Novice: 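Let me give you the structure first, and then I'll get to my questions.
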Amino acid sequence: MPPKALPGFRDFYPAEYAVRAHIIETWRRIARRYACTEYDGPPLEPLELYTQKSGDEIVGQLYNFEDKGGRAVAMRPEMTPTFARMVAARAQALRKPVRWFSVPQLFRYERQQKGRLREHFQLNVDIVGESDVLADAELLSIAIEICRDFGLDRSDFYARVSDRRLLNALLGHLKIHPDAWAAVYAVLDKLERQPRDVSAQKLETAGLDAAARDAVLGFGAIDSVDALRAAFGESADVRVHLDRFAEYANHLQALGVGEFLRLDLTIVRGLAYYTGIVFELFDAHGEFRAICGGGRYDNLLQALGGVDLPSLGFGMGDVVLGELLKARGKLAEVGTPVADVWLVPSESTAIAHLLAVASVLRRADVSVEYPLSAEKLHARKSGAQLKDAQKAGARLALVFRDDTLAEVVALAGASTDAERSVLDTADWLTAVNTSAVLAPVLTALGR
RNA sequence: GUGGCCGUAGCUCAAUCGGUUAGAGCACCGGAUUGUGGUUCCGGGGGUUGCGGGUUCAAUUCCCGUCGGUCACCCCA
């Protein structure tokens with residue numbers, strides 16, 4: 001037995017590859033709809049690119065090693081550092097705002113679990129050079145429109161959105177010392193998954209008084225700007241951020257995706273680098289992990305690339321998304337590519353004729369298959385060959401009756417012989433450049 | 001890195017209390033038949049029961065280890 005694929009890595013057989021291609025093609029199509037352009041970087045990077053942002057402890061979660069030149073390198077676990085380097089290097093020359101996307105394969109050395117492997121494909125969309133909330137609305141609408149294009153609607157998923165600036169203003173209003181904010185973030189992040197008394201205990205340990213603790217624990221129940229305004233609107237510091245969030249919501253409404261938006265102060269997105277609006281897309285049934293996450297990180301390019309530009313972006317992986325689409329029956333139409341036409345010769349059809357026809361069709365971009373065995377071509381009865389064509393998934397069969405006649409037989413679906421038509425092959429063989437071959441086939445294919 | 005559960009054919013599963021040659025469906029390959037349609041019928045290839053060790057007259061079955069899968073924690077994309 002040859003070695004299997006490594007733990008957490010996937011073999012993509014045609015059926016699985018078709019799903020992967022469907023997902024990635026949809027990502028590309030929608031990103032381009034928003035005038036984003038595609039880029040890529042190296043899958044292998046200097047280890048330092050990741051440790052300078054996240055510290056040495058991240059090394060335990062990376063595929064890293066020393067190359068033959070003695071360099072410490074790592075398979076990329078995320079795209080943002082590469083992106084930041086690329087943008088920073090040409091920051092002066094790039095037209096702003098930059099709207100770029102990429103579909104890198106990313107690697108992470110972690111024990112696999114539901115929705116998380118050691119390798120995945122992730123759409124990254126980033127906008128650089130614009131601090132207005134219009135950019136934030138644009139970004140989230142891309143993620144939502146992608147999910148809509150996969151056939152998901154509000155009953156399948158929604159966006160949970162918070163804002164670091166708003167949350168910080170709230171914490172400040174509650175007189176919580178900035179030193180405790182990180183601890184509060186950690187509690188909010190787990191508010192749903194952790195018993196309430198455990199959360200309360202952690203907040204108390206962080207130094208919050210009873211009133212502040214209750215307020216923070218109550219954040220989970222606030223799911224709208226109006227509710228937040230009612231509770232904290234008297235604070236001018238908070239109101240500034242509430243107004244901006246309301247404007248953001250209005251933009252999303254006008255972009256046609258307002259129904260997916262839900263304010264949720266428990267969305268934290270890690271503890272690092274985000275500085276403004278942050279969001280995650282969740283399936284509405286709560287069965288899966290977040291299918292997408294992102295937000296604004298206005299200081300990251302400064303930290304990674306030495307260029308001070310406001311930025312925002314999101315990542316969407318193929319694993320959880322694929323699980324969700326499968327669970328909701330949105331992959332039923334995704335099939336492996338098959339032949340357009342299957343050639344079935346009669347006993348008297350010369351192989352050279354068959355091949356000439358195949359050539360003409362293929363040069364017209366029609367995919368053609370036939371048995372790759374002279375024995376089968378001539379020994380198998382046409383009925384058996386049609387069965388072969390059917391099983392192979394061909395859309396049409398071109399059945400030669402004798403040396404001069406052939407028929408186009410529709411195989412796809414449950415259709416009968418409605419689309420069957422008889423052709424005169426003499427024209428093909430004497431003048432293969434004419435449309436005599438192509439027209440009936442292309443018509444039957446609907447081209 | 002920690003813990004729970006699970007490893008039988010390509011896939012889904014079966015095999016009495018530990019008992020004789022580990023079976024079935026699907027899939028695949030060949031054939032018959034439908035002289036041109038997914039049917040039906042016959043046949044075939046496929047397994048070191050994940051791997052290693054132990055207990056036993058006898059292990060797919062019980063025990064230990066290991067590898068793999070899966071789920072959760074940690075952490076995060």
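A, B, ... follow the sequence lines: proteins, then strands. Residue 1 opens every chain. All values derive from a computational prediction rather than experimental measurement.
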Novice: Hey, is the side chain of A:Q112 poking within less than 4.0 Å of OP1 or OP2 on B:rU70, counting only N and O atoms?
Specialist: yes
Novice: So, taking the atom named CH2 in A:W27 and the one named OG in A:S102, what distance separates them when rounded to the nearest 0.5 Å?
Specialist: 10.5 Å
Novice: Looking at A:Y274, is A:R164 sitting on its ring face, NZ or CZ under 6.0 Å from the six-membered ring centre and within 45 degrees of the normal?
Specialist: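 Cation-pi check for A:R164 and A:Y274: fails.
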Novice: To the nearest 0.5 Å, what is the distance between CD on A:Q122 and CZ on A:R76?
Specialist: 10.5 Å
Novice: Roughly, in whole Å, what's the span from CD in A:E45 to P in B:rA77?
Specialist: 18 Å
Novice: Write down the distance separating the P atoms in B:rU66 and B:rC57, rounded off to the nearest Å.
Specialist: 28 Å
Novice: Expressed in whole Å, how much space separates the C1' atoms belonging to B:rA77 and B:rG68?
Specialist: 25 Å
Novice: So, using side chain to side chain donor-acceptor pair (under 3.5 Å) as the criterion, who are the partners of A:D264 when residues are at least two apart?
Specialist: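 Expected list: A:R160, A:T266.
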Novice: Looking at A:R328, A:K330, A:R154, which one forms a salt bridge (charged side-chain N to carboxylate O under 4.0 Å, His left out) with A:D283?
Specialist: A:R328
Novice: Round to the nearest Å and state the distance from A:F314 atom CZ to B:rA77 atom C1'.
Specialist: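 It is 13 Å, rounded to the nearest whole Å.
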Novice: Hey, are A:R85 and A:E45 close enough for a salt bridge, meaning a charged N less than 4.0 Å from a carboxylate O?
Specialist: yes
Novice: Roughly, in whole Å, what's the span from CD in A:Q122 to C1' in B:rC76?
Specialist: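 Between C1' of B:rC76 and CD of A:Q122: 11 Å.
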Novice: Describe, in one word, how the ring planes of A:F157 and A:F260 are oriented to each other, choosing from parallel (under 30°), tilted (30 to 60°) and perpendicular (over 60°).
Specialist: parallel
Novice: Counting the benzene-type ring for Trp, do A:F288 and A:F282 have ring centres under 6.0 Å apart?
Specialist: no
Novice: Given B:rC29, B:rA77, B:rA72, which nucleotide is nearest the side-chain atoms of A:K391?
Specialist: B:rC29
Novice: Rounding to an integer number of angstrom, what distance separates B:rC6 and B:rU12 when you compare their C1' atoms?
Specialist: 16 Å
Novice: State plainly whether the residues A:E145 and A:R148 are in salt-bridge range, i.e. N to O under 4.0 Å.
Specialist: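 A salt bridge is present here (some side-chain N lies under 4.0 Å from a carboxylate O).
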Novice: Over how many whole Å does the gap from A:Q113 atom CD to B:rG1 atom P extend?
Specialist: 14 Å
Novice: Provide the distance between the two C1' atoms, one in B:rA72 and one in B:rA9, to the nearest whole Å.
Specialist: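 Approximately 32 Å lies between the C1' atom of B:rA72 and that of B:rA9.
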Novice: Select from A:L386 and A:P77 the residue whose nearest nucleotide in RNA chain B is closer to the 5' end of that strand.
Specialist: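 Nearest nucleotide further toward 5': that of A:L386.
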Novice: What is the distance from CG of A:D11 to P of B:rG68, rounded to the nearest Å?
Specialist: 16 Å
Novice: In whole Å, what separates the P atom of B:rU49 from that of B:rA59?
Specialist: 12 Å
Novice: Would you mind reading off the distance between A:D388 atom CG and B:rA27 atom P, rounded to a whole angstrom?
Specialist: 15 Å
Novice: What is the nucleic acid contact for A:K114, judged by heavy atoms within less than 4.0 Å: base, sugar-phosphate only, or nothing?
Specialist: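 The answer is sugar-phosphate, as A:K114 gets under 4.0 Å only of primed atoms, P, OP1 or OP2.
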Novice: In whole Å, what separates the C1' atom of B:rA58 from that of B:rC75?
Specialist: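 It comes out at 49 Å once rounded to the nearest Å.
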Novice: Taking donor-acceptor contacts at under 3.5 Å, does the side chain of A:R116 reach the base of B:rC76?
Specialist: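 Yes.
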Novice: Provide the distance between the two C1' atoms, one in B:rC5 and one in B:rG44, to the nearest whole Å.
Specialist: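 Nearest-Å result for B:rC5 against B:rG44 at atom C1': 38 Å.
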Novice: Name the nucleic acid region contacted by A:E110, choosing base, sugar-phosphate or nothing; use a 4.0 angstrom heavy-atom cut-off, strictly under.
Specialist: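 A:E110: base contact, heavy atoms under 4.0 Å.
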Novice: Which comes earlier along RNA chain B counting from the 5' end, the contact point of A:H120 or that of A:G115, where each point is its nearest nucleotide?
Specialist: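 Nearest nucleotide further toward 5': that of A:G115.
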Novice: What is the distance, to the nearest angstrom, from the CG atom on A:L62 to the P atom on B:rC76?
Specialist: 13 Å
Novice: From NZ of A:K387 over to C1' of B:rC29, roughly how many Å is that when rounded to an integer?
Specialist: 14 Å
Novice: Apply side-chain hydrogen bond (donor to acceptor under 3.5 Å, both in side chains) to residues A:R289 and A:Q113 and explain how you reach the verdict.
Specialist: CA-CA 11 Å; A:R289 294 167 184 281; A:Q113 51 185 294; 2.5 Å; yes
Novice: What interatomic distance, in whole Å, is found between P of B:rG69 and the corresponding atom of B:rU8?
Specialist: 14 Å
Novice: Any N or O donor-acceptor pair under 3.5 Å from the base of B:rC75 to the side chain of A:R108?
Specialist: no
Novice: Indicate, with a heavy-atom threshold strictly under 4.0 Å, whether A:G294 touches base, sugar-phosphate, or nothing.
Specialist: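 The answer is nothing, as A:G294 stays clear of every strand by at least 4.0 Å.
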Novice: Can you check whether any acceptor in the base of B:rU36 is under 3.5 Å from a donor in the side chain of A:E407, or vice versa?
Specialist: yes
Novice: Under the 3.5 Å rule, do the base of B:rG3 and the side chain of A:R111 count as making a donor-acceptor pair?
Specialist: yes
Novice: Could you provide the dot-bracket string of RNA chain B, using ( ) for intrastrand pairs, [ ] for crossing pairs and | for bases paired to another strand, with Watson-Crick or G-U pairs below 3.5 Å?
Specialist: (((((((..((((.....[...)))).(((((.......))))).....(((((..]....))))))))))))....
Novice: May I ask you to list the residues of residues 187-195 of chain A, by number, that have any heavy atom positioned under 4.0 Å from an atom of RNA chain B?
Specialist: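 A:K190 - these, ordered by number, are the residues of the stretch whose heavy atoms sit under 4.0 Å from the strand.
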Novice: Parallel, tilted or perpendicular: which describes the rings of A:Y17 and A:F12, with under 30° parallel and over 60° perpendicular?
Specialist: perpendicular
